[in-house]
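So the structure is just underneath, and the comments pick up after that.
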Amino acid sequence: MCYLYFCIVLYCGCNELKDCVKCVILYLSIIIYIYVYNIHNHIHISTLCAWYLGTVQPVTALPAPMFPRNSVSIWGILKKCIGLELSKITMPIAFNEPLSFLQRISEYMEHTYLLNKACTLPDSIQRMQAVAAFAVSAVASQWDRTGKPFNPLLGETYELTREDQGYRLVSEQVSHHPPVSAFHAESLAGDFVFHGSIYPKLKFWGKSVEAEPKGTITMELLKFNEAYTWSNPFCCVHNIILGSLWIEQYGTVEIINHSTGDKCVLNFKPCGMFGKELHRVEGYIQDKSKRKHCVIYGKWTECMWSVDPQTFENHRKNEKKGESRKKENDDSDDMPESQDTVSVIPGSTLLWRIASRPTHSTTMYNFTSFAMSLNEMEPGMEATLPPTDGRLRPDIRAMENGLMDEASREKERLEQKQRESRKERAKSQEEWSTRWFQQGNNPFTGSPDWLYTGGYFNRNYATLPNIY
């Protein structure tokens with residue numbers, strides 16, 4: 001208990017434990033937390049003290065600004081890859097961002113308050129609205145994120161526990177060829193489980209790179225015994241060779257409530273010739289009898305609203321249509337001009353609004369505040385993390401610190417180490433064994449999936465390989 005005393009005094013700034021009411025309350029709170037509730041997170045005492053006393057400050061900047069990409073030519077690498085899948089192509093590190101794809105997946109959880117809200121709503125249509133807003137918010141962080149996340153190494157993991165938002169997440173790279181990332185998040189209060197596996201297929205089409213996010217995402221609201229499934233839209237980065245990079249997402253996303261038969265159909269619209277539809281999302285929610293209950297509209301880069309279907313149709317009929325022609329450019333796909341805000345239909349209900357990014361985000365890989373925190377090592381964390389956690393990757397850490405040459409050397413070393421490990425397994429006819437997920441079928445769709453087997457947060461990592 002002496003160490004506990006030291007931590008409390010350190011973070012509180014008082015002189016004596018017995019004379020400080022705040023210290024006494026903190027002391028008792030931590031004792032109760034550890035010995036009564038015992039949620040098995042094994043969070044360091046100093047971190048608990050910092051949370052309580054408000055001394056853990058959110059990350060507002062990376063250690064170093066992003067490396068300029070203008071001096072690096074990508075055409076020499078991609079000119080032979082038109083129409084091909086890019087997962088096996090080694091890209092210059094300058095086109096990366098200092099996060100792995102597992103960390104990118106964790107950004108789905110930035111707006112977890114929508115799931116917490118869904119767990120309190122009595123009506124299934126209202127719950128579908130909250131889940132649909134969450135599905136859109138989960139891809140919102142990709143706006144202007146033109147850097148490629150690092151490919152996770154086979155066996156790499158990432159964990160994220162957010163007591164303030166009431167969840168914990170674990171993810172694992174379960175396959176290298178094809179690259180498959182599996183994740184499992186759960187409410188600390190037992191309200192929801194969010195899980196899935198993603199197989200991102202990348203293709204180069206001459207001027208653009210298209211990402212097809214294969215895989216099923218599942219959200220379970222345990223209180224209502226409901227399960228929702230969907231897949232993310234396509235994502236395309238334009239002007240890979242020439243011009244300013246810009247991103248659009250497009251495709252139809254169907255969210256199905258397997259318990260009630262309710263369905264939400266969201267159309268992520270392609271920008272079109274004149275850019276009128278850039279970033280726009282429009283859809284509806286219907287029940288199992290196919291009766292439409294509401295229309296959902298907005299932009300995945302900004303906000304989403306819900307309105308009565310008849311009100312939406314009347315507004316559409318009365319809406320003035322005006323388009324201005326844009327000059328075409330044969331060398332690059334110029335980013336279309338776009339309205340800054342969504343035109344809100346009277347009578348609409350706001351479902352979600354994106355959080356503002358830091359003012360210096362453009363020099364920090366266009367990261368959100370949430371993304372900037374994902375590589376942070378909190379006090380005591382290194383002692384509890386498994387050796388496979390992405391925060392310990394030396395190439396990503398070097399890039400985050402602005403050490404590009406070191407990051408490139410480390411990336412090459414890790415990739416070579418992975419190749420050598422694969423050859424050794426092939427010689428001994430040894431199959432790779434995943435640690436926290438096993439291959440199976442999604443219990444609600446029947447499609448192939450990777451399912452969490454449990455045990456990660458027991459903190460028994462003695463048999464994990466040294467992948468770094």
Side-chain angles (χ1 to χ4, degrees), residues 46-47 50 55-74 77 89-107 109-110 140-153 156-160 162 171 173 209 237 239-240 244-247 354-383 385 387-418 467-468:
S46 59
T47 303
T55 56
V56 169
Q57 299 298 324
V59 177
T60 57
L62 298 178
M66 65 183 290
F67 184 82
R69 297 170 179 153
N70 299 335
S71 60
V72 183
S73 173
I74 198 173
I77 299 170
I89 306 299
T90 299
M91 303 291 289
I93 201 168
F95 290 94
N96 283 83
E97 63 177 24
L99 291 175
S100 76
F101 186 70
L102 295 182
Q103 291 169 310
R104 261 289 184 103
I105 288 176
S106 70
E107 293 185 60
M109 305 301 292
E110 181 171 358
S141 66
Q142 296 186 39
W143 178 32
D144 281 347
R145 294 277 290 280
T146 54
K148 177 182 177 295
F150 281 70
N151 293 332
L153 302 171
E156 183 176 330
T157 61
Y158 183 76
E159 71 168 81
L160 182 64
R162 291 291 299 266
S171 55
Q173 190 69 7
V209 170
V237 181
N239 293 340
I240 293 296
S244 298
L245 295 172
W246 60 280
I247 289 178
I354 197 169
S356 299
R357 293 187 179 181
T359 54
H360 51 273
S361 175
T362 54
T363 65
M364 303 284 175
Y365 305 91
N366 287 305
F367 278 6
T368 63
S369 297
F370 186 89
M372 287 185 186
S373 70
L374 294 178
N375 218 29
E376 183 184 13
M377 293 290 286
E378 295 177 358
M381 179 179 285
E382 191 167 359
L385 286 177
T388 53
D389 192 89
R391 295 177 184 84
L392 304 175
R393 275 189 66 158
D395 51 352
I396 294 180
R397 184 66 66 184
M399 185 179 189
E400 184 183 61
N401 291 328
L403 306 174
M404 299 301 291
D405 290 340
E406 179 182 338
S408 184
R409 289 193 299 269
E410 286 292 339
K411 179 173 179 285
E412 184 177 348
R413 181 184 66 81
L414 291 174
E415 290 171 348
Q416 181 59 31
K417 182 175 182 177
Q418 183 169 238
I467 61 174
Y468 302 140

Straight-line distance of [X] [atom1] to [Y] [atom2], nearest 0.5 Å:
{"X": "E107", "Y": "L160", "atom1": "CD", "atom2": "CG", "result": "10.5 Å"}
{"X": "R357", "Y": "S141", "atom1": "CZ", "atom2": "OG", "result": "7.0 Å"}
{"X": "T146", "Y": "M66", "atom1": "OG1", "atom2": "CE", "result": "6.0 Å"}
{"X": "N96", "Y": "D395", "atom1": "CG", "atom2": "CG", "result": "8.5 Å"}
{"X": "L102", "Y": "L153", "atom1": "CG", "atom2": "CG", "result": "9.5 Å"}
{"X": "E156", "Y": "I396", "atom1": "CD", "atom2": "CD1", "result": "6.0 Å"}

Taking C-beta and beyond as the side chain, do [X] and [Y] meet within less than 4.5 Å on heavy atoms?
{"X": "K411", "Y": "E415", "answer": "yes"}
{"X": "P358", "Y": "M364", "answer": "no"}
{"X": "S106", "Y": "L374", "answer": "yes"}
{"X": "W143", "Y": "T368", "answer": "no"}

Set of side chain to side chain donor-acceptor pair (under 3.5 Å) partners for [X], sequence neighbours left out:
{"X": "E410", "value": "R413"}
{"X": "D389", "value": "R391"}
{"X": "T388", "value": "T157"}

- Item | Test side chain to side chain contact (heavy atoms under 4.5 Å, CB included) applied to R145 and E97, step by step | CA-CA 9 Å; R145 294 277 290 280; E97 63 177 24; 3.0 Å; yes

- Message: Between Y158 (side chain only) and S100 (backbone N and O only), is there a donor and an acceptor less than 3.5 Å apart?
- Response: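 Here the side-chain-to-backbone pair does not exist.
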
- Message: Any side-chain to backbone donor/acceptor pair from N366 onto D144? Under 3.5 Å, distance only.
- Response: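 Answer holds: yes.
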
With a cut-off of 3.5 Å and sequence neighbours excluded, list every side-chain donor-acceptor pair involving residues 399-409.
| residue | atom | partner | partner atom | Å |
| --- | --- | --- | --- | --- |
| E400 | OE1 | R397 | NH1 | 2.9 |
| N401 | ND2 | R397 | O | 3.2 |

- Query: Between N375 and G390, what is the shortest heavy-atom contact and its length?
  - Reply: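 Shortest heavy-atom contact: OD1-O, 4.0 Å.
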
- Task: Please name the pair of heavy atoms, one in P98 and one in L62, separated by the smallest distance, quoted to 0.1 Å.
- Result: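 Answer, listing the atom of P98 first, then L62: CG-CD1, 4.4 Å.
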
- Residues in ring-ring contact (aromatic ring centres under 6.0 Å, His included) contact with F367, at least two apart in sequence or another chain: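 For F367, the residues satisfying ring-ring contact (aromatic ring centres under 6.0 Å, His included) (neighbours in sequence not counted) are Y365.
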
- Item | side chain to side chain contact (heavy atoms under 4.5 Å, CB included) partners of L392, counting only residues at least two apart |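 Partners of L392 under the side chain to side chain contact (heavy atoms under 4.5 Å, CB included) test: M377, E382, Y468.
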
